[in-house]
Amino acid sequence: MFDVFLSNLPYLLKGAVQTIWLALAGVGVGTALGLFLGIISAMSGGLIAGSITVYVFTVRGIPVLVWMFLSYYMLPQLGVVIGDSYAVIGALILYTGAFVTEIARGAVLSIPKQQIDAAKGLGMQKYGMLRLVILPQAITMSVPPLLNNSVMMVKATAYVSVVGVWELTYAAREVVERTLAAFQIFLGVMLIYFLICYPLSIFARRLERRYSYEH
Amino acid sequence: MNTKPDMPMICVKDLYKNFGDLSVLNGMSFNVNRGEVLAIIGPSGSGKSTMLRCLNFLEEHDGGEILIEGEPLGYRVLEDQTRVRQSEAEIARLRSNVGMVFQSFNLFPHRNVRDNITMAPISVKHVAKNEADQRAEMLLEKVGLIEKINEFPSRLSGGQQQRVAIARALAMEPKVMLFDEVTSALDPELVGEVLTVMQQLAEEGMTMVIVTHEMQFAHDVSNRLMFIDSGKIIEEGAPADILRNPASARLQEFLHRFRTSFL
Amino acid sequence: MEVIIDFFGFNFIQSQLPRFWNGFQLTLAIALVSMLGAVVCGIVLVGPRMSNSSMVAGPVIGYVELVRNTPLLLQIYLSYFGLPLIGLPLSAFLCGVIAIASQHGAFLCEIYRAGIEAVSKKQWEGALALGMTRKKAKYRVILPQAFVNVVPPIGNQLVILIKDTSLVSAIGIIELTLSGKMVIERSGASFEVFLFIAAVYLFLTSSFGAGLRLLENRLRARQ
């Protein structure tokens, strides 16, 4: 029953590797960027926090697919000649970054004021407080939403196929066009995505239960 | 550390503090001498906690001056009366001489008991790790919690958490300890264990400022008692005198609510 | 056709406005119909999802997990290329709507469930102690409170839904995103077209978001 899927599995798995690569690059760099911006924005005020808010608002208000088209068309016209897959990774980074900024900012701001009082009372300065008290708690708290966000971004890597970058979903369409076995192939490929995403979701849920500090 | 025996430990001169339009402290002046245990009582909203938090610059005063062993805290007042805020490093250094224990314990939930105690000595005073560990063990012995050294705060009772918080503050070897209603958040049966530790500290000669609702404890442990209301000192003196013969109507009324007799 | 391209491509975009307008209308239509479908789909699912019997809840949980952990694009392809194979040759528009509504319905089902569970057990006990029947307690005490709890997360989910409508461009529906792509590829225009498209989406999502916040404040004020 799944003969067409199975005979095309090696090709599809090659696509899956490309998907994972895109996800690692986009989510990895985007998460680092977002953590940095989120912490900065929670710790600072005024112009810096304001411009970070504008970045988050703008990026999140526009579909990731539109960002992909934008960087796909824009970068070459601006004279930035990189491969198509690098152009769409830029969009993935931008997008992940915006969501992670919100997560990190929220986590830092949710550290109770009493924790800061206690650290100050012990003679700690800003940097020590950040390193020893605020960040360890904020980052632990952020891990579950960061994992959920990674799941979202793994799913978003599929959209690069619309722009024309080859990965798992693109490979699936190629196979369907050749074999017309839409059900088998698309369901099978959904299963592959599921196998990548589901463990992350489960892991996030476990941690969520474990890491709820009672202050 | 150089000590200045001729200076009062803490000197508060004409302290003012506002929260927006609300004036919380209205010109308070008092000294705390070396080895003295000062208890502060007063109705809620009287400004006693705010006053205590000012002594560690967790609240920043709007007027007046606080001197810790003669050194101004938070602001330097120049000759032309302008105030200059001290650098963060300077404030942190002054704070590390003043230990503080809070109503809600405020232990660091992501670190175990040992790390809660050694974190500040290692990172602020650059004490060697094994030295800080030894001191933590000694302090836990003192507050009777050595067997909890590897536990996380969430596994401890409120009374135990508060005793760890006291040990954490003592680990910085402060010259004075501030206690901000440290038993208010505790179940009644856990109050005693915390008060015992504080009593012991007082007997060892630690300079202490205690904001409390425990009248009997204030009576027993302090050398001097201060009643404040509306951000002003209404009465101060020897605890037995003040509690038995309150001069002001406000203190009489306040004590009446506790219906405690001090014999 | 004479195309004037100025520095920001403004005149050019103006000349293409009718095409974008058609795309915008289609985007709006897909979003509205899908929203309706998703909200209803979530309501249909949440009852069985919260059932104590695993025979009933199990399949719904499986469906929700599958949908939440696979890309929406594949679900769109599956309905567009798959439904005709089982004798349902629906229009691209309907296929897109079905896929979007079933994905977001799964997310909404979980949001409803969390909202209902967040109304504490004490409220149940309180209502029952007053002598209400379980049914009365459910409709008069629990669900009204749950409703207020879930308005903000539903709103966030629907904003994501609006953005997700861009994916139906992959099955040839000339909505806003695809109209942008077609203008670029047919006339060799430059990327400014997509800056314009992005701005339109931003306007759409942010005005929807602002409307929601207004609704939230109204609801909270009434409590």
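Quick note on labels: first sequence line is chain A, next is B, and so on, each numbered from 1. Every heavy atom of this structure was used, including side-chain atoms; hydrogens, water molecules and symmetry mates were not.
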Q | Side chain / backbone / both / neither for C/Ile162 at chain A, heavy atoms under 4.5 Å | A | neither
Q: Using a cut-off of under 4.5 Å on heavy-atom pairs, state which of C/Val193, C/Thr165, C/Asp164, C/Thr177 scores highest against chain A.
A: C/Thr177
Q) For chain A, which residues from residues 101-113 of chain C have at least one heavy atom closer than 4.5 Å to it? A) C/Gln103, C/Phe107
Q) When rounded to the nearest 0.5 angstrom, what is the spacing between CD in A/Glu177 and CZ in C/Phe81? A) 6.5 Å
(Q) Could you report the tightest heavy-atom contact between C/Asn69 and A/Ser201, atom names first, then the distance? (A) OD1-OG, 2.6 Å
Q) Given that the side chain runs from C-beta out, which part of C/Leu176 has a heavy atom under 4.5 Å from chain A: side chain, backbone, both or neither? A) neither
Q | Heavy-atom pair of closest approach, residues A/Ala182 and C/Leu78 | A | O-CD1, 4.3 Å
(Q) Around atom CZ of C/Arg213, are there more than 12 heavy atoms from other residues, nucleotides or ligands closer than 6.0 Å? (A) no
Q: Write down the atom of A/Ile62, the atom of C/Ala198, and the distance for their closest heavy-atom approach.
A: CG1-O, 3.4 Å
Q | Per-residue contact mode, A/Leu187 against chain C (heavy atom under 4.5 angstrom) | A | both
Q: Using the side chain to side chain contact (heavy atoms under 4.5 Å, CB included) rule, take A/Tyr159 and C/Leu72 through it: C-alpha gap first, then chi angles, then the decisive distance, then the call.
A: CA-CA 9 Å; A/Tyr159 309 162; C/Leu72 173 56; 4.0 Å; yes
**Q.** A/Ile48, CD1: over 12 other non-hydrogen atoms inside 6.0 angstrom
**A.** no
Q. Do you know which of C/Tyr80, C/Phe194, C/Phe203 has the most heavy-atom pairs under 4.5 Å to chain A?
A. C/Phe194
**Q.** C/Ser166, part contacting chain A, at a heavy-atom distance under 4.5 Å
**A.** both
(Q) Can you tell me if A/Tyr86 has over 12 outside heavy atoms packed within less than 6.0 Å of its OH? (A) no
Q: Compare every heavy atom of A/Gly61 with every heavy atom of C/Lys163, then report the nearest pair and how far apart it is.
A: CD-C, 4.0 Å
Q | CA sep, side-chain torsions, deciding dist, call: A/Phe183, C/Ile86, side chain to side chain contact (heavy atoms under 4.5 Å, CB included) | A | CA-CA 10 Å; A/Phe183 264 112; C/Ile86 54 169; 3.6 Å; yes
Q. How close do C/Leu202 and A/Thr58 get, heavy atom to heavy atom, and via which atoms?
A. CD1-O, 3.8 Å
Q: Output the distance between atom OG (A/Ser161) and atom OH (C/Tyr77), rounded to the nearest 0.5 Å.
A: 4.5 Å
**Q.** Reported OG1-to-CZ distance for the pair C/Thr205 and A/Arg60, which is rounded to 0.5 angstrom
**A.** 10.5 Å
Listed pairs under 3.5 Å, donor-acceptor, residues 191-199 of chain A side chains, sequence neighbours left out:
residue, atom, partner, partner atom, Å
A/Tyr193, OH, A/Glu167, OE1, 3.3
A/Tyr193, OH, A/Thr169, OG1, 2.7

Q. Closest heavy-atom contact between C/Ala170 and A/Arg173?
A. O-NH1, 3.5 Å
Q: Measure the spacing between CG of A/Leu65 and NZ of C/Lys181 and express it to the nearest 0.5 Å.
A: 9.5 Å
Q: Just do the side chain to side chain donor-acceptor pair (under 3.5 Å) check on C/Glu192 and A/Tyr73 with the steps written out, would you?
A: CA-CA 9 Å; C/Glu192 282 93 344; A/Tyr73 287 120; over 6 Å; no
Q: Check whether A/Tyr72 gets within reach of chain C through its side chain, its backbone, both or neither, counting any heavy atom under 4.5 Å.
A: neither
Q) With a 4.5 angstrom heavy-atom cut-off, which part of A/Val66 approaches chain C: side chain, backbone, both or neither? A) both
Q) In terms of heavy-atom pairs under 4.5 Å, which option from C/Leu204, C/Leu167, C/Val159 contacts chain A the most? A) C/Leu167
Q.
Counting only non-hydrogen atoms closer than 4.5 Å, does C/Ser169 touch chain A with its backbone (N, CA, C, O), its side chain (CB onward), both, or neither?
A. side chain
Q | Spacing of A/Phe69 atom CZ and C/Leu178 atom CG [to the nearest 0.5 Å] | A | 7.0 Å
**Q.** Residues from residues 21-32 of chain C approaching chain A under 4.5 Å (heavy atoms)
**A.** none
(Q) Quick test of your reading: applying side chain to side chain donor-acceptor pair (under 3.5 Å), list the pairs with at least one residue in residues 27-51 of chain A, sequence neighbours left out, ordered by first then second residue. (A) none
